[in-house]
J.: 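Just dropping this structure here.
In what follows, chains are A, B, ... by sequence order, proteins preceding strands, each numbered from 1. What you are looking at is a predicted structure, and each value in this text was computed from that prediction instead of being measured.
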Amino acid sequence: MPELPEVETVRRGVSRHYLGRKLLQLSVFGPRTVRRHDPGLLGALRGRTLCSVGRHGKYLLLGWDDGQVLVAHLRMSGQLLAAKPSEPLLLHTHAVLRFSGAGDLRFVDPRTFGEFFLAWTGSAPNSAGGARPPHGEDVASMAAEAQAMALPAELAGLGPDALDVGPAHLGAALAGRRAPLKALLVDQRVLAGVGNIYADEICFVARLRPDRPAGGLRPAELRRLAAATHSVLTNAIAAGGSTLSDQRYRDVLGEAGSYQFEHKVYGRAGQPCLSCGRPIERATIGAKSAYLCRRCQR
DNA sequence: CGATTATCCTGTGCGC
DNA sequence: TGCGCACAGGATAATC
C-alpha cells in the first residue's frame, strides 16, 4: 500500500519533525524488523544526528552525521508514527527511535513485512552535524531533497525513481518485453516507486491497457505513459497519498491522505468510468488485481 | 534469460 | 452471532 506518494509524504513528515535532531535511543523488538544483518549494528546510531531524509522509490533513506544510512521500507502495512515518549506502544510496534527534543518516531507494522537495515553511502554527509539545512516548501525543492543522497549499494538494483523517468528510459526498459505493461510498471528494477494502485491509475490516464505487451508501445504511447506516471504521482503526493478503507496508510502525524477520492479505476469495479460511463472491469494480471476501462484504454 | 508462482504475515470482510 | 477462509499486495526466492 505505501507506494511512492505515501512514502514521499512520510519522508516529508520525518524531515519536518526530526531533521537535525539527535538520536537518544533506538529500540528494536522482534526478529523480523532487522533481518539483513545483526540487529545490534543499529546501536551505532545512538548519539548520531539525523542530517538528511531521502527517498528512492519506496525506500526511505535516513542519513546520519557520520555517513551511515538507515534504510527503511514500509512494505504492506508499515507505518512511521510520531509519538510522545510517555505514550504506550501501539500493538505491533517493532522499533522506536527516540530523538532529543522531538519525541519518538515509532515503526508499527502488523504484517511484519517492513524492514530496516543499516547501509553506508560511502560519501560524506551533505550537512554537518546538527545544523538544519534550509529546505523550501515548493515541490521542486522537496523532490530535490528526496533525491539528494547517494544510493546505498544494497539498492543498486533499483531502477530510477519513478518521478525521474521519461519516455526515453521507458522505451529502452520496455523494448522487447512480452510481459504485460502493468507487470513492468510495478517491477522496481524497471522504475522504482510504482505499486499496484498507481500502476492502474497511470495506465488509465495514459489510456493504455495494463495487459498490453510492454514492448509493443509506440512512441506516442510511451510519451503518454511517461506523462501519466509523472502527473499521477505528483497529484497523489499533493493529496498526501491514498488511505484505503483498511486505514493502513497514515502519515507521520497520523493523518489520512485524500488521493483515494481521486482514483479513476482502482477499487472501482462495476462503477461507471468517469470518462465514458462504461463499468470499470476488474482483471487479474500477474496474480494481482487490475482495474481498467476497456473502452478508454487500448 | 524471462516470465510466472509461492512465500512471508495479520487484519478484514465475505459467505454460510 | 460466529466460524472459516479468501484476499489484500511489496519484494524476493524458487520454479517453469
J.: CZ of A:R75 versus P of B:dC8: gap in Å, rounded?
T.: 14 Å
J.: What's the gap between C:dA11 and B:dT12 when it is taken at their C1' atoms, as a whole Å value?
T.: 23 Å
J.: Hey, does A:R36 reach any base, or is it just sugar-phosphate, or nothing, if we go heavy atoms under 4.0 Å?
T.: sugar-phosphate
J.: Given the rule in the side-chain contact (heavy atoms from CB on, under 4.5 Å) test, do A:S242 and A:E6 qualify, once you have shown the distances and angles that lead to the verdict?
T.: CA-CA 7 Å; A:S242 301; A:E6 291 77 30; 3.6 Å; yes
J.: Flag as yes if A:F113 stacks onto the base of C:dG10 (centroids under 5.5 Å, planes under 30°), otherwise no.
T.: yes
J.: If I take atom CE in residue A:M76 and atom C1' in nucleotide C:dG9, what distance separates them, rounded to the nearest angstrom?
T.: 3 Å
J.: Quick check for you: among C:dT12, C:dG10, B:dT10, whose closest atom lies nearest to any side-chain atom of A:Y59?
T.: C:dT12
J.: Within this structure, what is the CD-to-C1' distance between A:E154 and C:dA11, rounded to whole angstrom?
T.: 15 Å
J.: Flag the pair A:D187 and A:R189 as a salt bridge only when some basic side-chain nitrogen lies within less than 4.0 angstrom of an acidic carboxylate oxygen.
T.: yes
J.: Does this structure show an ion pair linking A:K264 with A:D200, if we count only N-O contacts that are shorter than 4.0 Å?
T.: no
J.: Does A:R178 have more than 12 heavy atoms from other residues, nucleotides or ligands lying within 6.0 Å of its CZ?
T.: no
J.: Across the strands shown, which category fits A:D246 at heavy-atom distances under 4.0 angstrom: base, sugar-phosphate, nothing?
T.: nothing
J.: Please report, rounded to the nearest Å, how far the C1' atom of B:dG11 is from the CG atom of A:L244.
T.: 14 Å
J.: Rounded to the Å, how far apart are A:Q79 CD and B:dC9 P?
T.: 20 Å
J.: Output yes when a side-chain donor or acceptor of A:T93 lies under 3.5 Å from a complementary backbone atom of A:L89, and no otherwise.
T.: no
J.: Evaluate the ring planes of A:H94 and A:H92, with Trp represented by its six-membered ring, and classify them as parallel (under 30°), tilted (30 to 60°) or perpendicular (over 60°).
T.: tilted
J.: When you check the gap from the basic side-chain N to the acidic O, do A:R212 and A:E221 get nearer than 4.0 Å?
T.: yes
J.: Applying a 3.5 angstrom cut-off to the pairing atoms, does DNA chain C sit in any stems of at least three consecutive Watson-Crick or G-U pairs? List them by first number.
T.: B:2-8 with C:10-16, B:10-16 with C:2-8
J.: Just the rounded figure in Å: distance from P of B:dC8 to CZ of A:R32.
T.: 9 Å
J.: Output yes when a side-chain donor or acceptor of A:R55 lies under 3.5 Å from a complementary backbone atom of A:G57, and no otherwise.
T.: yes
J.: Select one nucleotide: of C:dA11, B:dT10, C:dG9, the one nearest the side-chain heavy atoms of A:S289.
T.: C:dG9
J.: Would you please confirm or rule out a distance under 4.0 Å between OP1 or OP2 of C:dA11 and any side-chain N or O of A:H73?
T.: yes
J.: Aromatic ring centroids of A:H73 and A:Y59 under 6.0 Å?
T.: yes
J.: At a cut-off of 3.5 Å, list every protein nitrogen or oxygen paired with a nitrogen or oxygen from nucleotides 2-4 of chain B, distance to 0.1 Å.
T.:
unit_1: B:dA3; atom_1: OP1; unit_2: A:R178; atom_2: N; d: 2.9
unit_1: B:dA3; atom_1: OP1; unit_2: A:A179; atom_2: N; d: 3.3
unit_1: B:dA3; atom_1: OP2; unit_2: A:R177; atom_2: NE; d: 2.8
unit_1: B:dA3; atom_1: OP2; unit_2: A:R177; atom_2: NH2; d: 2.8

J.: Check for me whether A:R21 meets the cation-pi criterion with A:F99, that is, NZ or CZ under 6.0 Å from the six-membered ring centre and within 45 degrees of the ring axis.
T.: no
J.: Closest nucleotide of DNA chain B for A:S245 versus for A:T112: which of these residues is on the 5' side?
T.: A:T112
J.: Using the rule that two of Ile, Leu, Val, Met, Phe, Trp, Tyr join whenever any of their side-chain heavy atoms come within less than 4.5 Å, decide whether A:V14 and A:L81 are in one cluster.
T.: no
J.: For atom P, what is the distance between C:dG9 and B:dA3, given to the nearest Å?
T.: 22 Å
J.: Within the structure, does a side-chain N or O atom of A:R248 lie under 4.0 Å from either OP1 or OP2 of C:dG10?
T.: no
J.: Please enumerate all protein N or O atoms sitting under 3.5 Å from an N or O of nucleotides 3-7 of chain C, with distances to 0.1 Å.
T.:
none

J.: Does A:V252 belong to the same Ile/Leu/Val/Met/Phe/Trp/Tyr cluster as A:F116, with side-chain heavy atoms less than 4.5 Å apart forming each link?
T.: yes
J.: Students often get this wrong, so: under 4.0 angstrom with heavy atoms, is A:S77 touching a base, only sugar-phosphate, or nothing?
T.: nothing
J.: In whole angstrom, what separates A:Y266's OH from C:dG9's C1'?
T.: 8 Å
J.: Write down the distance between NE2 (A:H94) and C1' (B:dC8), rounded to a whole number of angstrom.
T.: 13 Å
J.: Check the phosphate of B:dG11 against A:H92, side-chain N and O only, distance under 4.0 Å to OP1 or OP2. Yes or no?
T.: yes
J.: Which heavy atom in A:F113 sits nearest to a heavy atom in A:R75, and how many Å separate them?
T.: O-CG, 3.1 Å
